[in-house]
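Bear in mind the structure is a predicted one, so any value in this text is a computation, not a measurement. Just so we're on the same page: letters track the sequence lines, and every chain starts at 1. The basis for the numbers below is simple: all heavy atoms, side chains too, and nothing from hydrogens, waters or symmetry mates.
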Amino acid sequence: MDENELNLRPNQIPEELKGSIAVTTLDRIYNWSRRNSIWPMMFGLACCAIEMIATAASRYDFSRFGMEVMRASPRQADVMIVSGTVTKKMIPQIVRLYNQMAEPKYVIAMGACASGGGPFKEGYNVVPGIDRFIPVDVYIPGCPPTPQALLNGLITLQKKIDSESLKSVRWYQKGKIEPIPIPVLGPDLIDPRQSPLIKELCQSQISNVSPAGTPENLEAHHDNQLD
Amino acid sequence: MTTSWIETQLTEYLLERFGEAVQPDSRPGYLGFLVARNKLLEVCRSLRDEFGFDYLSSVTGVDYHPEPFMEVVYHFYKSTGGSALVMKTQAPRDNPTVPSLCSLYPGADFQEREAWDLLGIRFEGHPDLRRILMWEGFAGHPLRKDWREPFFEEDAKPFKSRWPEGHFIRVEDNNPYKNNVSYPPDFDPGKWVPDKDELLYGGLQSFEEDSEIKTERIVVNLGPQHPSTHGVFRMVVLLEGERVVDLKPVMGYLHRNHEKIGERNTYLQNMPFTDRLDYICSMSNNFGYALAVEKLMGIQPPERAEYIRVMMAELTRFLNHMFSIGFLLNDLGAFFTPSLYAIEERELILDIFEEVAGSRMMCNYFRFGGVARDVPEQVLDKIKTLVHDRLPRKLDEFERYLTHNEILRSRCEGVGVLTPEQAIALSVAGPVLRASGVPYDVRRADPYSIYERLEFDVAYGIHGDIYDRYLVRIEEMRQSLRILRQVLKDIPNGPVMAGKPQFQVRVPPGEAYGRVEGPKGELGFYVVSNGKPNPWRYHVRAPSFINLTSLKTMAHGAKVADLVAILGSIDIVLGEVDR
């Protein structure tokens, strides 16, 4: 039975109860209640955090959408707004915070830096996009995005929640959701998922010292590995 | 630059007393003296004690690769006002060691650590020479000219490779890991032992053992994700009961490589990056950088542009102080309501910025020799309404709620005290310095732009506690409004740009240090040019960063809850602390 048909069948509800009873789907009521109380984590990284504060303040006021409760603890938060440049020094903490958040959880990459490195991408301490480590639901462009853009991003997230179904959401599937391995600060940032590759490339650098060390050769080597 | 009588005398005295060890820097476009390394401490002691150069503003290093030496540059000022004394000392590049000035000027602490971290200059006698912005174990010293980041393309922008044959190449594709990383050749991730912060925790020590009750001391980490730290700042605190015995700030969680990127950019390309330093007050940052480069280029903006600049800088000061007081109240426990009042006024000022510059926060409005575009008449009218009516009214309202508020006073009075001597020695700047009773304001002490002509008072406190810092900020807002009223009355008509606007400015070789009184304190830009389109060295003297040196002194003996308020009263912005 499709959703509209369900809501439109007049005979199931007696006339005297029509004012107080509505019939809907479980998905819809579940999503409706969740989309209107998305609690963001109180977590500001850089410039975008100031615009996030402005969005929380009276002129833009995102409590109109049920998001006014900023929680400092990841355990109580639903959405992590990654508001600013993600640096290599900070990424272990961000991944840890993400792992500590309870399901269902969402991530918004706010601004150019969080989405892809932004103006600081070339920097030696900058992670070019938070999506290299944690899954992102909504990307918001801008440097920094205006409060209107952030609101638009949050509404987009609400729409995404609307389209979810209890049957397919990640947190009701069988099995355990594995935490994301926490990056390690080495001579440069080490992504544990990349360790075998790092080891291999570094050893090949020792064995054939200079000509093989040029980026082109290494890249070719890397491509072979992927095949 | 004209040399005054006292400077000539100083030169003569130094040359006579130290002979060969002190020499005037004779490179074209350079200022100050070159001092031999082994005489540095002696010369500095004499400068401080005999000539009154008691305020060490900036310490930084310059790598002159492929020349075989590195240079450490010091800018000294007198806390009574006047222009800078620039001193340099050189060290061989393969083993750069320079005596630390921490014993004479404790304010050099973080700046020397930064020079060690980013340039690998070792400061002998520094009490705690650890990396400060990067982590222990990081390979290399990134600001060295021969150190290349993983996404390295070319030495200078604009990059030739950006659009070959009409399409771009992703920089990731040139990297074997498809990511912004590179490792030394013999590296094995399986054997790597990450730094456990042993040096950091081991360095914590109690000052005294005076209390009768002996309790177990515990180490608490506040941050980097903590609601009180205004961003990603971390404080490692040694507690005895609830009392802070020792504290070490840890930063670098927002280190965005401003200086390395700045040395690849062309001069003008750096302007939008300065916006993102202290992202609450982008106009002031623009101002400092524009001043430094204009000093090098030897140009003067037209009159109208000077007025517009001062207008924007003072609006920024108002906005910042409003914001910082709002958040100080947040830290005291008045959660978000005072901030709402503050942000409301801030939005009105941001509207003006948006109208003149095109962006709310990242204005990118100043140019070398003027400002990007003129302020339209209707915007001037808006500013007039704000300055003459709305802002003073709201400031009064703000003050009525707060200044004599019992809770605020009992939380702030006598807490986090910094004496004037400590403040000067620790190179503290801005409202924190003035609240300690040192009426030092760059706008008066070393005037720039048109501040010499404007009437305003330098606000200062007496007690050096949080409450005085609050009062100084309130008074500075009033003085800003006073300046704005004069500026709005006298603003002349005319061009807003000297010469015609250009993307690539020609900057003659030399060095310059431009400084402005930003809302957070003295904001300085040290720029070295070698005549090429991009700066050879680009250093930011960030007030938030250096003000944090005083955190340990202020927090000693305070309670944990007060520590949060003390940090709030310094008014830091992490973009500027970590750069």
(request) Please name the pair of heavy atoms, one in A/S58 and one in B/L340, separated by the smallest distance, quoted to 0.1 Å. (result) N-CD2, 3.6 Å
(message) Given heavy-atom pairs under 4.5 angstrom as the criterion, report whether the side chain, backbone, both or neither of B/F152 touches chain A.
(response) neither
(request) Output the distance between atom CZ (B/R346) and atom CD1 (A/I50), rounded to the nearest 0.5 Å. (result) 6.5 Å
(request) Go through the atoms of B/F335 and report whether side chain, backbone, both or neither lie under 4.5 Å from a heavy atom of chain A. (result) side chain
(message) Could you measure the distance from the OH atom of B/Y253 to the CD1 atom of A/I94? Nearest 0.5 Å is fine.
(response) 11.5 Å
(request) Could you tell me the separation between the CG atom of B/N179 and the CD1 atom of A/I198, rounded to the nearest 0.5 Å? (result) 9.0 Å
(message) Can you give me the closest heavy-atom contact between B/I343 and A/A57, atom names plus distance?
(response) CG2-CB, 3.5 Å
(request) Heavy atoms only, distances under 4.5 angstrom: which of A/T146, A/L97, A/I91, A/V86 has the most pairs with chain B? Name it, please. (result) A/L97
(request) Determine yes or no for a side-chain-to-main-chain donor-acceptor pair under 3.5 angstrom, with B/R256 supplying the side chain and A/P119 the backbone. (result) no
(request) Tabulate, in ascending numerical order, the residues of residues 174-188 of chain A having at least one heavy atom closer than 4.5 Å to a heavy atom of chain B, or enter 'none'. (result) A/V184, A/L185, A/G186, A/P187, A/D188
(message) If you count heavy-atom pairs within less than 4.5 Å of chain B, which of A/P196, A/A49, A/C143 leads?
(response) A/C143
(message) With a 3.5 Å distance limit and no angle check, can you tell me whether B/N257 reaches the backbone of A/Y124 through a side-chain donor-acceptor pair?
(response) yes
(message) Working note: B/Y183 + A/I190, criterion side-chain contact (heavy atoms from CB on, under 4.5 Å); need CA distance, chi angles, decisive distance, verdict.
(response) CA-CA 9 Å; B/Y183 305 94; A/I190 306 166; 4.0 Å; yes
(message) For a 4.5 angstrom cut-off between non-hydrogen side-chain atoms, does B/V171 reach A/E122?
(response) no
(request) Taking A/K88 for its side chain and B/V181 for its backbone only, find out whether a donor-acceptor pair lies under 3.5 Å. (result) no
(request) Find the one option among B/S182, B/P194, B/G190 whose heavy-atom pairs under 4.5 Å with chain A are most numerous. (result) B/S182
(message) So which residue, B/G252, B/G575, B/G140, ends up with the most heavy-atom pairs under 4.5 Å with chain A?
(response) B/G252
(request) Please flag which part of A/I53 lies under 4.5 Å from any non-hydrogen atom of chain B: side chain, backbone, both or neither. (result) both
(message) Counting only non-hydrogen atoms closer than 4.5 Å, does B/P150 touch chain A with its backbone (N, CA, C, O), its side chain (CB onward), both, or neither?
(response) side chain
(request) Scan for ring pair (Phe, Tyr, Trp, His ring centres under 6.0 Å) pairs involving residues 55-87 of chain A, sequence neighbours excluded, and state none if there are none. (result) none
(request) Find the one option among A/M41, A/Q93, A/R132 whose heavy-atom pairs under 4.5 Å with chain B are most numerous. (result) A/R132
(request) Nearest 0.5 Å please: distance from the CD atom of A/E51 over to the CE atom of B/M362. (result) 8.0 Å
(request) Check whether B/F327 gets within reach of chain A through its side chain, its backbone, both or neither, counting any heavy atom under 4.5 Å. (result) side chain
(request) Could you check which of A/D191, A/V126, A/N125 has the highest count of heavy-atom pairs closer than 4.5 Å to chain B? (result) A/N125
(request) Enter the distance from B/E172:CD to A/K121:NZ here, rounded to the nearest 0.5 Å. (result) 3.5 Å
(message) What I'd like to find out is whether the side chain of B/P224 reaches to under 4.5 Å of the side chain of A/K89, using heavy atoms alone.
(response) no
(message) Donor-acceptor pair, distance only, cut-off 3.5 Å: does the side chain of B/Q225 make one with the backbone of A/S73?
(response) no
(request) Report, as yes or no, whether the 6.0 Å neighbourhood of atom NZ on B/K145 holds more than 12 heavy atoms from other residues, nucleotides or ligands. (result) yes
(request) Identify which of B/G137, B/P189, B/S359 forms the greatest number of heavy-atom pairs closer than 4.5 Å to chain A. (result) B/P189
(request) Can you check whether anything in residues 278-285 of chain B gets within less than 4.5 Å of chain A, heavy-atom wise, and list it by number? (result) B/Y279, B/I280
(request) Kindly give the heavy-atom pair with the smallest separation between A/C202 and B/Y177, and that separation in Å. (result) SG-OH, 3.9 Å
(message) Out of A/P74, A/P192, A/P144, return the one with the most heavy atom pairs under 4.5 angstrom to chain B.
(response) A/P144
(message) Only pairs of heavy atoms separated by less than 4.5 Å count here; which of B/F138, B/W147, B/W135 has the most with chain A?
(response) B/W135
(message) At under 4.5 Å between heavy atoms, what parts of residues 347-355 of chain B are in contact with chain A? List them by residue number.
(response) B/E347, B/L348, B/D351
